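This report refers to the structure that appears directly beneath it.
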Amino acid sequence: MSKRLERPDAQGRFGEFGGRFAPETLMPALAETERAFDEAWADPVFVDEFHRILREFVGRPTPLHAAPRLSEALGVNVLLKREDLAHTGAHKINNAIGQGLLAKRMGKTKVIAETGAGQHGVATATAAAYLGLECKVYMGAVDIERQALNVLRMEILGTEVVPVTSGAGTLKDAVSEAMRAWVTTVEDSHYIIGSVVGPHPFPYMVREFQKIIGDEILEQLNGNLPDVAVACVGGGSNAMGMFFPLAESGIELVGVEAAGEGILTGRHGASITAGTPGVLHGTRTLMLQDADGQVQEAHSISAGLDYPGVGPEHAYFATTGLARYVAVDDESALEGVELLARTEGIIPALESAHAVIWVKQAAAELAGKTVLINVSGRGDKDVEQIGRFREERR
Ligand SMILES: *Cc1c(COP(=O)(O)O)cnc(C)c1O
């Protein structure tokens with residue numbers, strides 16, 4: 001049995017994945033961030049402040065509770081971890097607060113971030129307002145059109161939303177642009193990346209901030225461990241936040257990727273299930289690319305899973321067997337939303353619905369077992385889109 005790595009090696013690698021593949025101009029900033037994070041994370045004053053804010057402002061610990069009607073419907077004993085109840089409606093705020101605090105400690109007055117659907121943008125804008133930092137969010141022009149409500153949220157919170165028109169004008173291009181912007185403003189800004197992706201130390205640092213999810217779960221379970229723990233995987237931060245503390249406990253870990261319109265159509269976001277090793281946004285990982293190594297566009301009904309790569313630690317977990325990865329398509333995710341809504345009164349985010357519906361699809365294999373689902377976020381943001389799909393299906 002392979003072991004989880006408490007931290008990546010000196011080059012930032014998790015086995016053959018990870019590392020720091022960044023332009024020379026970015027290397028000093030990455031090294032400075034790594035040093036500052038290591039110092040901060042070893043300082044009880046910083047760690048206490050992080051936990052105080054999670055408690056008072058974010059509303060942690062988020063509940064963990066049984067789902068009796070869903071359990072009965074599936075013949076599986078289901079438990080839910082309610083990240084949807086964290087302030088701003090998803091797990092992303094944990095990381096935004098952690099990195100915002102780090103930025104302040106480093107003496108930076110500004111933060112920048114990328115966003116796809118706007119969820120990480122809203123979390124970062126919220127953390128910046130709370131901590132008194134100036135904030136700029138890079139967002140693809142196409143996404144700005146599609147996600148008007150989140151753009152407005154960020155602006156109300158005092159954040160400047162910068163449109164990115166290069167490439168397809170979506171998340172991948174926004175990440176590239178935010179990294180370029182960081183190079184030129186590194187003196188006074190910190191880059192808050194939104195998932196366990198990017199060059200070292202980001203995948204490690206974001207996992208450390210998100211592992212509060214799994215730490216709380218272990219405390220809440222009080223020794224009564226489930227058989228299986230399931231989470232959706234986009235970049236992989238909610239899943240790794242849950243997986244890392246649970247790894248090596250004997251619980252089977254299952255990551256659910258977006259099969260989009262179907263793996264065989266090529267229109268999906270399943271970087272582990274259907275990707276190959278390559279370098280994306282400064283890290284070596286599993287990713288979607290063509291035979292010439294050109295990054296391919298990802299596709300998913302859920303914007304949060306619409307990314308052509310995955311955190312390098314997940315690539316490590318996948319290739320070493322520490323976790324299993326599966327994929328669920330758009331149509332099924334919609335079914336997952338209604339299933340959780342109608343049995344438990346919780347409208348999950350489309351992302352989280354991938355994890356929910358996988359449990360139904362695997363119900364025969366899971367019969368009689370206890371399965372913990374990470375409900376990474378709430379579905380309010382997706383209601384309009386879900387409505388459109390319901391119309392189309394009529
Ligand atoms: C952004 C998002 C995700 C995907 O990001 P990860 O880094 O894979 O967790 C999943 N669920 C919700 C609700 C999100 O907002």
Side-chain angles (χ1 to χ4, degrees), residues 62 80-96 98-99 113-124 126 139 143 147 149-150 153 170-171 174-175 192-198 202-203 205-207 209-214 230-244 254-258 269-272 281 283 285-286 298 300-315 317 323 325 327-328 333 336-337 340 346-356 358 373-383 385-386:
T62 58
L80 304 173
K81 177 63 171 168
R82 301 289 308 279
E83 289 304 294
D84 59 309
L85 293 179
H87 180 43
T88 68
H91 66 290
K92 287 198 172 78
I93 189 76
N94 304 327
N95 168 52
Q99 289 201 54
E114 82 294 337
T115 198
Q119 292 305 107
H120 175 56
V122 169
T124 304
T126 301
M139 188 169 184
D143 287 335
Q147 307 287 343
L149 202 59
N150 275 340
R153 281 199 181 102
T170 56
L171 176 60
V175 177
I192 302 188
I193 206 162
S195 189
V196 285
V197 300
F202 286 113
M205 177 167 65
V206 176
R207 177 252 274 174
F209 288 136
Q210 289 291 4
K211 78 180 186 191
I212 184 78
I213 300 171
V230 191
C232 65
V233 177
S237 66
N238 86 89
M240 193 50 74
M242 176 164 86
F243 286 2
F244 189 82
V254 179
V256 185
E257 298 191 290
S271 320
I272 296 177
H281 293 140
T283 193
T285 189
L286 293 169
S300 169
I301 188 172
S302 62
L305 305 187
D306 203 345
Y307 181 67
V310 68
E313 196 169 13
H314 281 290
F317 269 44
Y325 294 85
V328 153
V337 170
L340 191 64
I346 299 165
I347 301 179
L350 277 167
E351 291 84 358
S352 326
H354 285 72
V356 173
W358 176 79
I373 303 173
N374 193 18
V375 184
S376 54
R378 65 177 182 227
D380 304 46
K381 69 185 175 63
D382 299 323
V383 163
Q385 196 185 359
I386 293 165

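Atoms within each ligand, like the ligands themselves, are counted from 1 in listed order. Note that this is a predicted model, so its numbers are computed, not measured.
A 4.5 Å side-chain heavy-atom check between Ile213 and Asn94 finds at least one atom pair inside the cut-off. Asp382 places none of its side-chain heavy atoms less than 4.5 Å from the side chain of Val337. Glu257 is not listed as a side-chain neighbour of Leu305, based on a closest heavy-atom distance of 4.5 Å or more. Val254 has its side chain within reach of Trp358: a pair of non-hydrogen atoms, C-beta onward, lies under 4.5 Å apart.
Interface atoms of ligand 1 facing Ser376, defined by a heavy-atom separation under 4.0 Å, are 10 (C), 11 (N), 12 (C), 13 (C). Residue-ligand proximity, Ser237 to ligand 1, at heavy-atom distances under 4.0 Å covers atoms 6 (P), 7 (O), 8 (O), 9 (O). Atom numbering of ligand 1 starts at 1 in the shown order; those under 4.0 Å from a heavy atom of Gly377 are 13 (C). Annotation for ligand 1: atoms under 4.0 Å from non-hydrogen atoms of Gly234 are 8 (O).
Between atom OG of residue Ser195 and atom CG of residue Asn238 there is a gap of 8.0 Å, rounded to the nearest 0.5 Å.
For Glu83 and Lys92, the salt-bridge test fails: no basic side-chain N is under 4.0 Å from an acidic carboxylate O.
Looking at Gly236 next to ligand 1, an N or O pair under 3.5 Å apart turns up. Not a single N or O atom of Gly194, backbone or side chain, sits closer than 3.5 Å to an N or O atom of ligand 1. Between Asn238 and ligand 1, at least one N/O pair is under 3.5 Å apart.
When non-hydrogen atoms are compared, ligand 1 lies under 4.0 Å from the side chain of Ala349 (C-beta onward) but not from its backbone. Contacts between Lys92 and ligand 1 below 4.0 angstrom, taking non-hydrogen atoms only, involve the side chain exclusively.
In this structure, Ile386 places its CD1 atom where more than 12 heavy-atom neighbours from other residues, nucleotides or ligands lie under 6.0 Å away.
A distance-only check finds a donor-acceptor pair linking the side chain of Gln99 to the backbone of Ile193 [under 3.5 Å].
Closest heavy-atom approach to atom 5 (O) of ligand 1 among the candidates Gly304, Ala239, Ala117: Gly304.
The shell of residues lying under 4.0 angstrom from ligand 1, judged by heavy atoms, includes His91.
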